[in-house]
Structure formats: C-alpha cells, structure tokens
Amino acid sequence: MTAATALLAAAVMAFPAIARPMTPEDLAGLNRMSDAAVSPDGKLLVFSMRETDFEADRGRTDLFALDLTTDGAAPVRWNTDPGSDGGQVFSRDGTMLYWLSSRSGDAQVWRAAVAGGEPQQVTDVKGGIDGFHLAPSENQLAYWKDVTPEAAELPGDGRVYDRLFARHWDTWDQGGKNELFTIALGANGLPVGDAVAISAALDGDVPGKPFGGGDDISFAPDGKTIYFALREKGTTEAWSTDLDIWSAPTDGSAAPVNLTDGDDGTDTHPVVSPDGKYLAYASMARAGYESDQLVLKIRDLETGAVRALTEDWNLSVDGISWMPGSDGLILTAADGWNTPIFRIGMSGAPEKMTALDGNHSVIAMTDGNLVYSLSSLTEPGDVYMTGPTVNPHRRLTAINADKLKDVELGEVSRFSFAGANDEEVFGYVVKPAGLADGEEAPTVLWSHGGPQGRWSNSWSSRWNPQAWAGAGYAIVTVDFHGSSGYGQDFQDSINNDWGGKPLVDLQKGLAAAREQYAFLNDEKACAAGGSYGGYMMNWIAGEWPDGMACLVNHAGLFDMRSFYYSTEELWFPEWDFGGPYYDRVEAYEKWNPATRVKNWKTPMLVIQGVKDYRVPYTQSLMAYTAAQRQGVDSRLLVFDDENHWILKPNNSLQWHREVFRWLDEHLAE
C-alpha cells in the first residue's frame with residue numbers, strides 16, 4: 001500500500017460500511033477542490049469546492065473555510081451564494097478576503113472581512129470578468145476579460161475571416177480577444193478612477209486562449225509594474241509557439257515592452273520575487289514545439305541579465321513560486337508518473353520537498369511550512385502541509401471522505417519492461433476491487449493522448465481507472481516512447497514515429513503486464529484511448545488487427561491529410577511530422593491510419609463531441625464509415641454539446657454506460 005493509499009484509508013476508516021466497487025455515478029458526484037489560499041498567519045485555509053448537481057447537469061462552486069489551529073476542525077461554508085465563487089486571495093494583514101463571484105449576475109471581484117460581515121462588491125465591469133490578481137501592495141487590482149467589438153448590423157449571419165485561428169478548441173472566433181486591465185484601489189479597498197487597458201494595443205490574448213490563466217500574469221511587489229505572457233496573433237498564430245513575457249506600468253504611462261523578444265520558443269509563467277529584484281519564468285528553446293523542455297530562467301530586473309537555472313536538469317518546469325525570502329524558488333515538475341514539489345536556490349540543483357506519491361500543486365509557504373494540494377490514483381484531491389513543524393506531512397482536508405466511505409478502490413501497481421529499442425518503459429496496472437485470489441479480470445489496455453502526455457499518478461474526472469476497475473475491468477497503462485516525465489530525449493522520440501515505437505511499447509507492455517500479474521486475462525483484451533490515444537485505436541485496427549477483442553476510440557485522428565487541414569493548432573502536427581502536410585506528404589502518410597482500413601476487422605466503438613475543433617468530428621465519422629462499410633462491428637456515440645472532452649455530469653454517465661456496454665459485449669466469457 002502506498003503512502004497516499006494509506007492516508008485515504010485512514011480518512012475513511014471512521015465510517016464503517018460494507019465496501020462496494022466505485023461507479024461512474026461516484027466519479028461524477030465527487031467534490032472537486034480548485035483554488036485554495038492560506039491566511040498570512042497560517043491560521044485559516046479557504047478553498048473553493050465544486051459540488052455536482054445532477055438535476056441541473058452542472059457543478060456549483062462555493063467557498064469553505066477551515067480553522068488550522070484546531071485539530072479535527074471541519075470546513076464550513078463561507079459567504080455562500082447560489083452564484084459561483086472562487087479565485088480567493090487574502091489581504092496582506094489577513095483581515096480581508098477578495099474573491100471572484102457571480103452572485104450579482106456577471107462574475108465580479110468581491111471582498112469581505114474574514115471575521116464576518118456583509119460581502120462588498122469591488123468591481124462592476126460590464127459583461128463581467130474572467131479572473132483577477134490583487135497586487136501585493138493592495139494599491140492595484142488587475143483583471144482580464146474577453147473584449148469583443150460590436151458587430152455591424154448587416155444582413156446575413158455569415159462570419160468572415162482573413163487569418164487563422166478561425167476557430168479554436170470549441171469556439172468560433174468572434175473577433176474579440178482577452179485583454180488585461182488594471183485599476184487603482186483606494187484605502188477603503190474600492191476602485192479609484194477608471195480602469196487602464198494594459199494590453200489593448202497588442203494583437204494577442206492575455207491570458208492566452210483557451211487555457212491561459214492567472215499564472216501568466218504577475219504584479220511587482222509595489223504594484224507599479226505588471227508582467228504578462230502573450231503570443232501575438234498576426235498571421236502565424238496557428239503554427240507559432242512564440243509566447244513572450246511583457247512588462248508594463250500599471251498606470252498606463254508607457255507602452256508594454258517585450259522582455260523576451262529574442263526568444264523564438266515559448267516564454268511563460270512570469271513570477272516576480274517578493275523583493276522585486278528578479279523575474280522568474282519558464283522558457284522553451286525550440287520554436288514551434290509546444291512539448292519542448294521548460295527551463296527555469298531568472299531575469300535581473302535592474303540589469304536585464306538573464307540566466308537559466310535548470311537547463312541541465314532532466315525535467316521540465318511546470319509551476320513556479322518564490323520562497324518568501326526571495327533566496328530561492330519552489331517548482332513542480334513531472335517526474336515519472338508523479339509530480340513532486342522541488343526547492344531550488346539561486347544556484348545549485350533542485351531538491352525534492354515532498355515525500356508522498358501523486359500529483360502536487362503549491363498553495364503557500366507559511367511559517368516555514370509548505371501547504372500543497374495532492375491527488376493520486378487513489379486520492380481524489382485534498383490539502384496537505386509539510387515542513388519543520390509537521391514533518392513528514394499533515395492532512396488538512398478530506399472533502400470526499402463521506403462520499404467514499406463505503407467504496408473500495410482498486411489496487412494500483414507500477415511496473416516496467418524493455419520496450420522499443422530495449423529501452424526501459426513504465427506503466428501501471430489497476431486490479432479490480434474485490435477480485436478473488438486466482439480469478440482473472442477482463443483487461444483493457446489504455447493509450448494516452450498528447451501524444452506527449454503520460455498516465456500520471458493523479459485523479460482524473462474523465463479517464464479514471466478506478467471507475468473502470470469498479471466495473472470489473474483490469475486496466476493496463478503504458479507510458480510509451482514520447483511520454484512526458486522521463487526526460488526530453490524520451491519525449492522527443494515520438495517525433496516522426498507516431499505509429500512506430502509507441503505501438504511496440506503497447507504490445508510489449510501488455511505482454512509484460514500479463515507475465516507479472518496473474519489476474520490479467522491472458523486470452524483477450526480490449527484497448528481504449530482518446531485524441532492521440534484514439535489515433536492509436538485506428539492504427540491498431542490496421543496494424544495489429546488480431547491483437548484486440550475490441551477498441552474504444554474517443555476523438556481519434558483517422559486521416560492525417562484531412563486532420564492537418566481541419567485542426568486549429570497547426571504547430572502540433574507540423575513539429576511531430578517535420579512541417580506542413582504539403583511539404584511532408586510521405587511523412588504524414590507513413591503513419592496514416594486511413595491507408596490501412598482494408599486490414600480492419602476489430603470491433604470499434606467511436607465517440608466524439610461535435611464542438612471538438614482540435615480533432616474535428618469528421619475524423620470520427622470517417623472511422624465509423626470505414627468500419628461500417630466493411631461490415632466491421634462498430635458503434636458511434638456523438639455528443640452535440642461537448643468538445644474534445646466530455647464535461648457534463650450526465651453526459652459522463654452516458655459515456656461510461658456505453659463504453660462498459662461495449663466492453664461487456666466483447667469481453668464476456
């Protein structure tokens with residue numbers, strides 16, 4: 001039993017009940033923690049938590065406060081309202097809490113005294129805002145929102161475009177962009193004067209669409225300067241990964257300045273040191289490659305000198321925050337299947353700060369102790385503390401203890417084997433809960449997306465192996481060549497080799513797992529994957545047609561030619577295949593599943609969201625047509641209101657229901 005598993009077991013042992021397997025209803029109904037903040041004195045934790053409303057088919061997010069000075073204290077709802085609340089931050093003295101709330105209709109910044117009192121609306125921005133930062137000096141507030149110009153009232157409903165992106169992720173471009181604003185705050189904490197449009201003159205989104213957030217924006221301690229990441233749109237946005245770090249005075253007295261104009265790759269996550277002397281950020285060296293190594297860089301804000309701190313490290317920096325004394329930083333980075341927290345000084349190598357397995361995120365440093373969130377394959381996600389006074393760790397929350405009190409989770413085991421080129425490859429196996437000794441379980445081999453992704457030791461609300469194990473299936477995963485977390489060389493090895501080493505790793509991985517784990521059915525298995533994992537299902541259908549009893553293909557790439565000309569972020573295929581399709585036809589066609597459909601005979605379930613513009617739904621229609629036209633057993637599940645991911649609670653239940661029905665039909669004895 002891992003440390004994370006032991007902690008979860010300890011949290012739920014107080015609720016005696018008959019154990020049962022986990023269900024998709026359990027998964028969709030779990031509470032989900034998002035933002036968390038700790039008061040400056042370390043005495044109070046405030047976190048936002050999403051609770052599922054199946055009837056409304058959505059989640060509701062409220063704030064909860066937890067007294068950290070009292071052992072056994074329970075979280076209590078704080079200033080609750082039917083609107084969504086989150087993004088909270090404490091004032092410097094810890095007496096006030098600022099947060100983002102939709103309680104007035106649109107999302108606005110609100111504040112209230114921590115000790116109690118009526119909430120007070122701080123901003124009143126037409127149309128609402130998407131997020132905010134409070135300057136450390138509390139004399140400034142930054143917010144960002146989508147600004148779309150009013151369309152001219154002309155006959156006809158058509159949209160006209162002159163450049164890419166015409167559409168992105170799940171939205172057609174309406175001519176707007178995310179813009180960054182600042183506004184001065186008076187002594188009473190309320191706005192003074194008009195907002196300043198910081199990024200209005202720049203042709204780009206702050207933060208970037210569709211997934212950029214507050215970690216792309218940072219205030220100087222005195223509130224006079226703001227730093228942000230931006231990729232200029234121009235005519236190359238769809239195939240450019242050139243994000244830059246910009247700085248601007250918060251009063252709008254000068255135009256923004258590009259601090260990384262000489263870098264052609266991605267520069268992101270700017271964070272100013274507490275003493276205001278340095279700017280830390282993450283940087284990629286290679287232009288056009290979104291999965292290049294992110295190196296921690298430090299810029300001296302007085303001299304402009306820049307130096308790299310982790311270029312010799314084998315891992316890629318993810319989260320960045322400063323130590324309170326400005327003498328070092330705290331980092332997160334994917335390391336194998338885990339994401340630990342590391343500490344690094346202004347020189348020297350990173351040192352691991354956390355002892356538990358799983359996926360960590362930094363919340364705060366307080367009194368020398370580190371407060372962080374943690375999830376794993378057996379832990380849906382909670383807050384912990386570690387440090388000199390709580391070594392090795394202390395669990396602060398157990399937000400799903402009651403929901404999981406009678407649920408037995410499947411046992412997770414890590415394994416490795418000699419994969420393609422006889423190089424070591426890792427994976428994990430999940431054994432169904434309650435499987436008796438000597439019994440075998442129907443087996444499903446998972447292929448992850450990305451393709452530069454991985455099967456991490458973290459909880460997922462979508463592809464969650466515990467939900468599948470609860471239905472009686474044993475899950476086998478493989479972090480094939482190209483996976484992240486194993487060094488940049490391993491990650492780069494999938495370039496121009498989409499159907500090569502990864503398929504070898506999946507074949508060898510399933511064989512190795514069957515040798516090591518007697519409960520895996522040795523006769524037949526199904527395979528499942530989404531995005532690139534769905535591509536692999538199409539590839540397996542043509543290249544390994546006798547290997548699987550069935551396939552589950554979620555939003556999988558089918559035809560590399562039509563995919564290239566219909567997807568939005570062209571840098572993905574252009575890097576992995578060495579250029580645009582028209583310049584690299586042979587490279588794309590070498591790994592094109594559409595050229596192998598004559599070999600298809602494996603039953604395939606195809607799933608797709610119509611609002612998916614990353615892998616347009618026609619890719620799934622083509623795969624389904626290829627199977628149906630040849631008489632291959634196949635089924636199509638389409639969601640009109642979903643994108644690349646299945647997000648709505650009831651759609652998630654249907655997704656699981658259809659997947660398990662398909663597996664039952666083809667894995668039954």
Please report the C-alpha distance between Ser484 and Gln452 in whole Å, then the side-chain angles of each, then the deciding distance to 0.1 Å, and finally whether the side chain to side chain donor-acceptor pair (under 3.5 Å) criterion is met. CA-CA 6 Å; Ser484 58; Gln452 292 89 356; over 6 Å; no
Go through it in stages, so that I can follow the logic: the residues are Lys233 and Asp205, the test is salt bridge (Lys or Arg N to Asp or Glu O under 4.0 Å), and I'd like the CA-CA distance, side-chain angles, deciding distance and then a yes or no. CA-CA 8 Å; Lys233 288 176 180 273; Asp205 295 299; 3.3 Å; yes
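In this structure, a donor-acceptor pair under 3.5 Å is present between the side chains of Trp99 and Asp85. Side-chain atoms of Asp357 and Asn457 include no donor-acceptor pair closer than 3.5 Å. Side chains of Ser137 and Asp222: a donor-acceptor N/O pair is absent below 3.5 angstrom, by distance only. There is a side-chain donor-acceptor pair under 3.5 Å between Thr339 and Arg454.
A donor-acceptor contact shorter than 3.5 Å is absent between the side chain of Asn338 and the backbone of Pro340. Gln140 places no side-chain N or O within 3.5 Å of a backbone atom of Lys224 that could act as its donor or acceptor partner.
Between Met323 and Ile330, some side-chain heavy-atom pair lies under the 4.5 Å cut-off.
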Would you list the atom pairs, donor with acceptor, under 3.5 Å between side chains in residues 310-317 and any protein atom, with sequence neighbours excluded?
{"unit_1": "Thr310", "atom_1": "OG1", "unit_2": "Leu296", "atom_2": "N", "d": "2.9"}
{"unit_1": "Ser316", "atom_1": "OG", "unit_2": "Leu294", "atom_2": "N", "d": "2.7"}

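By the 30° and 60° cut-offs, the orientation of the rings of His448 relative to Trp455 is perpendicular. In this structure, His393 and Tyr384 have perpendicular ring planes: the angle between them is above 60°, well past the 30° mark.
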